[in-house]
Amino acid sequence: MSETDHSSNEESPANNDRDGLSGEYDPEAVEPTWQQRWVDEETYAYQGDLDTQYSIDTPPPTVSGDLHMGHLYGLTLMDFVARFKRMYGDDVYFPFGYDDNGIASERLTERELGINHGDFTRREFQEKCRDVCQDYEAEFTDDVQSLAISIDWENTYKTISPQVQRTSQLSFLDLYDQGREYRQRAPTIWCPDCETAISQVEQEDLTKQTKFNDIDFELVEAGDGETTQETFTISTTRPELLPACVSVFVHPDDDANQHLVGGTARVPLFGQEVPILEDDRVDLETGSGLVMCCTFGDQTDIEWYQAHDLDLRIAIDESGTMTDLADEYEGLSTADARAAIIEDLDEAGYLLESRDHEHTVQVHERCDEEVEYLVTEQWYVEILDKKDEYLDAGREIDWHPEKMFTRYKHWIEGLEWDWCISRQRDSGIPFPVWYCQECDEAITADREALPVDPIEDEPPVDACPDCGHDEFAPDKDVFDTWATSSLTPLVNAGWDWDADVGELRMEQPELYPMNLRPQGHDIISFWLFHTVVKCYEHTGEAPFEDVIIHGMVLDENREAMSKSKGNFIAPSEVIDEYPIDATRYWTASASIGDDFPYRENALEAGERLLQKLWNASRLVDQLTEDVDRSILDEERPESELADIDRWFLARLDETIESLTERFDNYEFAKARDDLRTFFWSTFCDDYLEIAKQRLSGGGDESTEYTLLRAHNTFLKLWAPLLPHVTEELYQRLYDPEESLHRQAWPEPAGYDADLAAGETAMEVIGALRRYKTEEGLPLNERLEAVDIYGHVGGFSDAISDVMHVTRIETFDDEPEVTTEISDIDLDYSLVGPEFGSDVGAIDDAIESGEFEVSGDTLYLADGQFELDDEMFEIEKSRTYSGEGQMIETERAVVIVR
RNA sequence: GGGUUCGUGGUCUAGCCGGUUAUGACGCGGCCCUUACAAGGCCGAGGUCGGCGGUUCGAAACCGCCCGAACCCA
């Protein structure tokens, strides 16, 4: 029978059908079995309990990408929360979204099928996208399930689904009706390869090798009207923009060229006359100090265009092709035009020099194509007017870690553009808008009719309400993906238009605001900010209560993983090598917010912990072989517990309490370390060794109860971090019927014990172990007599049991030894404020022995200083000359005889 | 170039409002097979807390500058 064959566990739990735990834990067999069963049995189903719900706004991953370490990390963190909250008594709503909407999936489809979106109708192409995405989605589901993420698979959504399209279009209409959206012809950042507008945040830097060209411009008229100078030189990396040149700029501090300002110049080859103006945005460092402004070469050009009210000359179209403004170069690509123009400039004698130059260009992050700046008609969400409100909304959220709010704040404060939400792509959610062909009036869809695709569907009116014209043109654009992804809290809550009452409502209002938004710090400006904007505008409140912001996963050398660097580690490689529980154990060590290095040996440490848990469980099981597990149904009164057992249960109470707080504050690393230390040192090394001895001579009900209570509790405390091994043990040893992950989180039972005496006893045990080790004795060597000077309460039996001591005597007073004062420890937090700059002199006095203790007072340096007893502590050194050997610990003195 | 965050033994990390002897784990060295576990137990070595300067009786912690890294933005 295999270990994972659970059919043998069908008899009643009280019967303890335990075939004993086999020698080794076999995660390779155990983990997939449980993953499958949890899904099949819907262990994580949301029950719809309105009073105790806890909702998590999970990030929908782009399905076109493989699962990477960032997913593994982020999902696992969410899962710690979900599993803890579920056991702690909440009804957890843990959904999953697939982001298959937008440019990423569109480009994936084109690549996968070797097609171009332009060759199909929008609906046809979208069909193909769905087909391609479906396989990737299935793969993603498998991957996420293999990480044991406790998602409720009945609550999933796709961002391209009709329902989400409807939500997204409703959002558009609502903002439009509120007057928060506008359509404007304005300079836009444009990707010629994807042929779409993109937002500011979708572009990134790329350093490129290019030529810096010095070109002569003919001076038509100088600003001072006097100069006899005939030409001047400008430097440019983009001579193909000469036909789009609308002015030349001089820096106000540029004395050498000041006389040109106010004049006009003639652009070589193309002949247009342009004004020479002054502006401090000219970069004096590079080139000649004279710079041409074209519509548009970069963002500064746009600023100049707006600030100086310049002409508009469009020389490059949407596909990166030269327009008729470029005369004979019309129809050439920008690259070809650049080459041809340089050649012609050279021939005509305008080109003075062309030299190598490295500079930074803006590219589209998805395809690395250099962006252009075009004037196009786009939809914008107005955000600049409400910065303060979005900041306040951010302040209402509890940030973990708190410091991440700063990034949000700075992002908002630095905003300069409204949010451009239209994209000229096919795979996406269409704008539900038509335009009157006569007066351009925008006609929006009826809410009841959503989702609509204006290319395929008819507008809701027969005639333009403004001018009466009856022909309409569809809006062909689709939404920016963030315009949809920013609605996840509303998608989860089932936000929709209720036609009966004529308002927007939520199907599950109890989920909103979501209790938790988990995400990486790299998308604070995308996902988090946009979600706040959208949801705040729709509902008037922040969309989540807590946010946890995690860092990036780095490689073993603390460098960011990237495909180009080749230091990319795929989760599948890790999973093949290590148990999932071990990877989760590693994940739990991350300090939330900090970047998180991959560590092979952290995974090995996880593996060892699993083995330790398994072995300890096996011992507990053996020691309680004949004990009916139903004794756990009732709590055992203190009076029926031996001191040592009561001590351990009291310590367990403490741990439960602090651990609960750790989990509640998302402090997984601390929870993990605290629990590991308590389990490994206190339970395994200390208590279990004692219990072993106590039970060696036959049953002891108090100890048996304590062992089982503790072990059962440990499984629950470990469950959020190590779901597989704990479930396997729980089902085998306690309850084969019900999942551990639906059990109640442990509560302190309220046991009282002499914790100080327990602590001292453990110190004494440690001292005796050290004694045996140093004497070269086996740990089970019998010791005849041990005297303990110190308070060990009722624990001396435990000490004698575990250390095999025949006779123990305990004393509350000091042993008969010679003591002398070896040092004085000062409490500087008291001495410092009191004595200030004299502290140095006091230290010197102690150092040189110029002190005297009398009663409770310490006199220093011939009575120059007097310290009260709470300000100092006397360190003594003891010499023992009696029979046996003395061992000192912090709280006790032990003599082995 | 600007902003945010981080920088602690070989590696990863704890260390709230400043209190002098800096936590734990991994790795390393030594000893021990004690009837769950040698993937274990015990002991030990190893750090001028990135650098410089400042505030203070006292700084890993507070301030300034510099260096390095991650992310965001130009």
Side-chain angles (χ1 to χ4, degrees), chain A residues 20-21 23-25 200-201 203-205 283 285 298-300 360 362 401 403-411 413-416 520-526 529 549 551-554 556-560 586 589-591 593-623 669-670 672-674 676-677 680-681 684-685 688-689 692-693 696 766-781 802-804 823 825-843 875:
Chain A
L21 302 176
E24 291 251 309
Y25 174 51
Q200 201 181 349
V201 293
Q203 53 174 359
E204 61 185 21
D205 289 354
D283 178 8
E285 304 295 312
D298 59 27
Q299 300 214 29
T300 317
T360 311
Q362 298 295 316
K403 65 190 177 191
M404 287 298 173
F405 174 71
T406 318
R407 296 201 186 189
Y408 177 84
K409 181 164 171 265
H410 281 257
W411 167 254
E413 286 169 350
L415 280 171
E416 283 172 3
H521 63 57
D522 55 333
I523 50 175
I524 289 174
S525 53
F526 294 70
F529 170 68
I549 306 281
M552 304 289 114
V553 182
L554 309 177
E556 294 215 70
N557 301 316
R558 282 200 147 272
E559 284 179 47
W586 160 65
S589 72
S591 172
D594 287 358
D595 287 342
F596 182 38
Y598 177 73
R599 307 247 91 221
E600 192 102 11
N601 56 22
L603 293 162
E604 285 162 10
E607 252 183 321
R608 278 202 293 277
L609 175 70
L610 300 185
Q611 211 57 252
K612 186 79 178 177
L613 186 54
W614 186 265
N615 288 326
S617 301
R618 195 169 57 176
L619 178 61
V620 169
D621 189 40
Q622 285 168 11
L623 293 174
K670 286 174 181 160
R672 181 192 96 138
D673 291 345
D674 288 355
R676 184 199 186 269
T677 303
W680 202 303
S681 320
C684 293
D685 293 344
L688 209 39
E689 289 299 331
K692 204 157 72 176
Q693 299 305 325
S696 64
L768 292 174
R769 276 201 194 116
R770 210 176 315 135
Y771 170 80
K772 288 185 177 181
T773 300
E774 278 161 11
E775 295 295 312
L777 302 169
L779 283 174
N780 59 352
E781 178 83 11
V802 71
M803 294 316 295
H804 305 275
D823 199 7
D825 278 347
L826 297 181
D827 183 344
Y828 286 94
S829 64
L830 297 173
V831 176
E834 176 82 23
F835 292 93
S837 54
D838 288 333
V839 171
I842 292 174
D843 280 334
E875 285 280 292

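The sequence lines fix the lettering, A, B, ..., with proteins before strands; numbering per chain opens at 1. All values below come from the heavy atoms of this structure, side chains included, with hydrogens, waters and symmetry mates left out.
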With the side chain of A:S837 defined as its heavy atoms from C-beta on, choose the nearest nucleotide among B:C73, B:A36, B:C57. B:C57

In terms of side-chain heavy atoms of A:S829, which of B:G19, B:A39, B:G41 is nearest? B:G19

Please state the C1' separation for the pair B:A59 and B:G51 - nearest whole angstrom. 16 Å

What integer distance in Å separates A:W411:CH2 from B:U5:C1'? 17 Å

Taking only the P atom of each, what is the distance from B:A61 to B:C17 in whole angstrom? 11 Å

Closer than 4.0 Å, any side-chain N/O of A:W586 to the OP1 or OP2 of B:C12? no

Does A:E24 offer a backbone N or O that forms a donor-acceptor pair with the side chain of A:Q611 under 3.5 Å? no

At less than 4.0 Å, is any side-chain N or O atom of A:K409 found next to OP1 or OP2 of B:G3? Yes or no. no

Test side chain to side chain contact (heavy atoms under 4.5 Å, CB included) applied to A:V802 and A:L768, step by step: CA-CA 10 Å; A:V802 71; A:L768 292 174; over 6 Å; no

Whole angstrom value for the distance that separates C1' of B:A25 from CZ of A:R676: 7 Å

How many whole angstroms separate atom CG of A:N601 from atom P of B:U11? 12 Å

If the C1' atom of B:C72 is compared with that of B:G19, how far apart are they to the nearest Å? 38 Å

What's the OH-C1' distance between A:Y25 and B:G40, to the nearest Å? 20 Å

Return the nearest nucleotide to the side chain of A:K670; candidates are B:C42, B:A36, B:A14. B:A14

Within the 4.0 Å heavy-atom criterion, would you say A:E689 contacts the bases, only the backbone, or no part of the nucleic acid? base

I want to verify a distance call: between B:U13, B:A25, B:G19, whose nearest atom is closest to the A:P597 side chain? B:U13

I want to confirm an ordering. Mapping A:H410 and A:R769 to their closest nucleotides on RNA chain B, which one lands closer to the 5' end? A:H410

Just by distance, do the side chain of A:K772 and the backbone of A:M803 share a donor-acceptor pair under 3.5 Å? yes

I'd like the P distance from B:U4 over to B:G58, given in whole Å. 30 Å

Could you tell me whether A:R770 contacts a base, only the sugar-phosphate backbone, or nothing, with contacts defined as non-hydrogen atoms closer than 4.0 Å? sugar-phosphate

Strictly below 4.0 Å: does A:R608 bring a side-chain N or O up to OP1 or OP2 of B:G40? yes

Is the phosphate of B:C12, meaning OP1 or OP2, less than 4.0 Å from a side-chain N or O of A:R599? no

CH2 (A:W614) and CG (A:D621) are apart, to the nearest 0.5 Å, by 10.0 Å

Describe the nucleic acid contact of A:G832 in one word from base, sugar-phosphate, nothing, applying a heavy-atom distance below 4.0 Å. base

Is there a side-chain contact between A:E781 and A:H804 in this structure, where contact means two heavy atoms from C-beta onward sitting under 4.5 Å apart? no

Between B:C71, B:C73, B:G19, which nucleotide has the shortest distance from any of its atoms to the side chain of A:P833? B:G19

Who is the Watson-Crick or G-U wobble partner of B:C26, with both distances under 3.5 Å? B:G10

Pairing check on B:A69: which nucleotide meets the Watson-Crick or G-U wobble criteria with it, both distances under 3.5 Å? B:U5

Rounded to the nearest angstrom, tell me the gap between atom CG in A:L554 and atom C1' in B:U5. 13 Å

Under 4.0 Å, counting only non-hydrogen atoms across every strand here, what does A:A616 touch: a base, just sugar-phosphate, or nothing? base

Categorize A:N780 for me: base, sugar-phosphate, or nothing, with a 4.0 angstrom heavy-atom threshold over every strand shown. sugar-phosphate

P atom, B:G29 versus B:A39: distance in rounded Å? 15 Å

Rounding to the closest angstrom, what is the interatomic distance between B:C67 and B:C52 at atom P? 15 Å

Toward the 5' end of RNA chain B, which comes first, A:K692 or A:G836, by nearest nucleotide? A:K692

Say you pick atom C1' in B:G40 and the same atom in B:U35; how far apart are they, in whole Å? 14 Å

Rounded off to whole Å, could you give me the CG-to-P distance for the A:L609 and B:A25 pair? 13 Å

State whether A:S591 places a side-chain N or O below 4.0 Å from either non-bridging phosphate oxygen (OP1 or OP2) of B:A14. yes

Rounded to whole angstrom units, what separation is found between the CD atom of A:Q622 and the P atom of B:C37? 8 Å

Selected nucleotide, minimal atom distance to A:H521 side chain, candidates B:C71, B:A36, B:C72: B:C71

Between B:G53 and B:A25, how far apart are the C1' atoms? Round to whole Å, please. 35 Å

Could you tell me which nucleotide pairs with B:C17 by Watson-Crick or G-U wobble geometry, both distances under 3.5 Å, or answer none if nothing does? none

Test log, rule side chain to side chain contact (heavy atoms under 4.5 Å, CB included), inputs A:D685 and A:W680: CA-CA 6 Å; A:D685 293 344; A:W680 202 303; 3.9 Å; yes

Check every atom of B:C37, B:U4, B:C72 against the side chain of A:T406 and return the nucleotide holding the closest atom. B:U4

Base-pairing mate for B:C62 - Watson-Crick or G-U, with both contacts under 3.5 Å: B:G54

Go through B:G41, B:A70, B:C26 for me and flag the one nearest to the A:D685 side chain. B:G41

d(CG, A:L613; P, B:A36) in whole Å: 17 Å

A:W411/A:I524 under side chain to side chain contact (heavy atoms under 4.5 Å, CB included): CA gap, chis, key distance, verdict: CA-CA 8 Å; A:W411 167 254; A:I524 289 174; 5.6 Å; no

Phosphate OP1/OP2 of B:U4: any A:K403 side-chain N/O under 4.0 Å: no

Just call it for A:D673: base, sugar-phosphate, or nothing, with non-hydrogen atoms closer than 4.0 Å on any strand. nothing

Atom CG of A:L613 and atom CZ of A:R618: how far apart are they, to the nearest 0.5 Å? 12.5 Å

Please set out all donor-acceptor pairs under 3.5 angstrom arising from side-chain atoms of residues 594-604 of chain A, sequence neighbours excluded.
from: A:D594; atom 1: OD1; to: A:K403; atom 2: NZ; distance (Å): 3.3
from: A:D595; atom 1: OD1; to: A:H521; atom 2: NE2; distance (Å): 3.3
from: A:D595; atom 1: OD1; to: A:M552; atom 2: N; distance (Å): 2.8
from: A:E600; atom 1: OE2; to: A:Y578; atom 2: OH; distance (Å): 2.7

